[in-house]
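Each remark here refers to the structure printed beneath this line.
Along the sequence shown, residues carry numbers from 1. Treat the numbers as computed from the prediction; the structure is a model and nothing was measured. Hydrogens, waters and symmetry mates play no part in the numbers below; they use all other heavy atoms, side chains included.
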Amino acid sequence: MGCLRPAGVVCGRSAELRAQPAGDWFSLTGTAHLIAVSGSHLAIVGFVIEGVLQKTRCSRGLQRAILAITLVGYAAFTGASPSAVRACCMVFVTLVVNGAGRRRHGLSALFVTMSIFVLLRPTVLFEMGFQLSCASVLAILCFCPYATYALGELGVPSGVASVLSVTLCSQLATLPITIPAFGTFSLIAPLANAVIGPVVSVLLAVSIVLVPFSLVGPLRTWALVVPMIAARCALFFEQLFAAVPGASVSVPPDSMWIYLAPCLLAVLLVRWSRPRARPMAVGLACLVLLAAIPYVYWDRFAPPSVTVLDVGQADAILVRQGSTVVLVDSGLDERVVTALVRNNVHHIDAVFVTHWDEDHWGGLPAVLEQFSVGTIAVAADALEDAPAEVLNRPGVEYRQVRRGDTVDIGSFCARVMWPFESVNGEGNEDSLVLLLSYVQEGKGLRILLTGDAELDQEREFVQEVGDIDVLKLGHHGSKVSVDGELLDVLKPELSLASAGEGNRYGHPSDACIDAVKEAGGVFACTIEHGDITVTPTANGFAMRCQRP
């Protein structure tokens, strides 16, 4: 089930957790901050230490000094993360202000702390940890009381409302930082934090008191009973929330709407309005509806299209129509996930892997982690040599296809043209070649997807393929991907290449480009145009590019 040790929580050692399945749970539910040492950790530690000090006869000034020294020592002991150091500075400023008989003011403490950081090390402004810490604390100080009151007007219990408001305020304020960096947004984070946050707080408070006793051999077993129970409860809820469909969604890193949230918060700060239950409920319902419309459209009513995705020096081709989504090859790395997200993909029915070169399957593990995938299809007998990273995935069906097999993709029909015999999928000559045909409502489109196949293989089946509209060039447009004779048979109006800028292979080659142009066709590459989408029309087809 994973491991969440009390000592790890106290010390903020999250590296071990990330290496286990539990690390993915915390990421999906937006609760990773509960493990990393932050201001909330110091608040709990400070609460426990202050409670102990109040039982002593020490003067108030001495208590403040001991508390400050203890927190500084704890922050240093746990690695002095930016959020922990920021929290320490704020606590120190607050203690000094209290000692001077002045009232506390959170915003003033935050800005004094930020000023100290910037004066000592100006480059800290460009560190994500510092940006996240300051933005979330600023939002919490400014908007938490208002958000708590508004949630209370909606009937949310006060205890739950206070926890939800902290999560909502910090999550919204940090969107311009987290989305470009990670490309994901946790929809279940507010609820997960409301449930798991108190459990982790109890775990930390109890661990601080009991972990020292665990260093004594005879007491170790009994000292860890309560913390281990709390840890198992936290992991149980983490796994439960992470399993909820749509717990976390991918968001294009260049989405402009992410800047809308902090702007609305700024407007709210200038013009406060008294929250009323009915208008808030109506407003939330409208927001949910507006967010659902594009989701439902792309998930159920997507127009027929074939998109050569821009994933660098690799191949990934998206074929979709209606609710059916198929990916032919999956790129080299996580860039394929970003490309799928910006093309509004929410699930994948099948992934065809043309062969086992890494630039055709390397991104598949990331795809399997991020999306629901129904089937992985390969050429006949190539499954035996499949990388371990893509095998034995729960809920995934594995299929092997042979020459002549057909697969329906919405109104598209994909026919296997190559290989003629069983292969192991290791070489370019083993590449799965698919002929896509679309005929619907007077519209027709024929596209040949060749993987890394080259002239020697293409000459074997080209006569059977005949005239096509679009050719996805083999092997990223290498010099042996096509020639004039082959193009005279296929007669493609458009030839597409997928390649990475500045790649060491020189793809696409000048010989390939010249052959396409001499045959009277149009050439386009992802290097210049980004994602290239082809859609059938009544007069043939239309091409749309991510970049003009």
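A side-chain donor-acceptor contact under 3.5 Å links D359 and H476. Between the side chains of H475 and S481, not a single donor N or O lies within less than 3.5 Å of an accepting N or O. For the residue pair D329 and T354, a side-chain donor N or O sits within less than 3.5 Å of a side-chain acceptor on the partner.
Under a 4.0 Å N-O distance rule, the pair R446/E493 does not qualify as a salt bridge.
Rounded to the nearest 0.5 Å, atoms SG (C512) and NZ (K517) are 10.5 Å apart. Distance CD/Q171 to CG/L187: 8.0 Å, rounded to 0.5 Å. The CG atom of L455 sits 6.0 Å away from the CG atom of L486 when rounded to the nearest 0.5 Å. Taking CG of L383 as the start and OH of Y398 as the end, the distance is 8.0 Å to the nearest 0.5 Å. Between the CG atom of L432 and the OG1 atom of T450 there is a distance of 11.0 Å, given to the nearest 0.5 Å. Remark: Y149 OH to E153 CD distance equals 4.0 Å, nearest 0.5 Å.
Closest heavy-atom contact between F461 and M417: CB-O, 4.0 Å. When all heavy atoms are compared, the tightest approach of D349 to S323 is OD2-O, 3.4 Å. The heavy-atom pair separating Q313 from G500 by the smallest distance is OE1-N, 2.9 Å. The two residues P387 and W356 have their closest heavy-atom pair at CD-CE3, 3.3 Å. Closest of all the heavy-atom pairs between T174 and S136 is CG2-N, 4.0 Å. Between I317 and V306, the shortest heavy-atom contact is CG2-CG1, 3.8 Å.
Counting heavy atoms from C-beta on, the side chains of Y259 and I179 never come closer than 4.5 Å. Contact annotation: the side chain of K472 approaches that of S498 to within less than 4.5 Å [non-hydrogen atoms, C-beta and beyond]. For the pair I258 and P180, the minimum side-chain heavy-atom distance is below 4.5 Å. In this structure, the side chains of V351 and V390 stay at 4.5 Å or more apart for every pair of heavy atoms. Counting heavy atoms from C-beta outward, I376 and L364 have side chains that approach closer than 4.5 Å. Using a 4.5 Å heavy-atom threshold, the side chains of S305 and Y438 count as separate. Taking the side chain as every heavy atom from C-beta outward, P492 and L487 approach each other to under 4.5 Å. Considering only heavy atoms from C-beta on, D315 stays 4.5 Å or farther from D357 through its side chain.
Every residue meeting the salt bridge (Lys or Arg N to Asp or Glu O under 4.0 Å) condition with R403, not counting sequence neighbours, appears here in chain and number order: E464. Taking the ring-ring contact (aromatic ring centres under 6.0 Å, His included) definition, one finds that F420 meets it with W418, sequence neighbours left out.
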Show me the donor-acceptor pairs within less than 3.5 Å that the side chains of residues 520-537 make with the rest of the protein, sequence neighbours left out.
from: T526; atom 1: OG1; to: A499; atom 2: N; distance (Å): 3.1
from: T526; atom 1: OG1; to: A499; atom 2: O; distance (Å): 3.2
from: D531; atom 1: OD1; to: D310; atom 2: N; distance (Å): 2.6
from: D531; atom 1: OD1; to: R342; atom 2: NH2; distance (Å): 3.0
from: D531; atom 1: OD2; to: R342; atom 2: NE; distance (Å): 2.6
from: D531; atom 1: OD2; to: R342; atom 2: NH2; distance (Å): 3.4
from: D531; atom 1: OD2; to: N343; atom 2: ND2; distance (Å): 3.1
from: T533; atom 1: OG1; to: T307; atom 2: OG1; distance (Å): 2.9
from: T537; atom 1: OG1; to: N539; atom 2: N; distance (Å): 3.4
from: T537; atom 1: OG1; to: G540; atom 2: N; distance (Å): 3.2
from: T537; atom 1: OG1; to: F541; atom 2: N; distance (Å): 3.4

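Residue H355 forms a side-chain hydrogen bond (donor to acceptor under 3.5 Å, both in side chains) with just one option from D385, N424, D452, and that option is D452.
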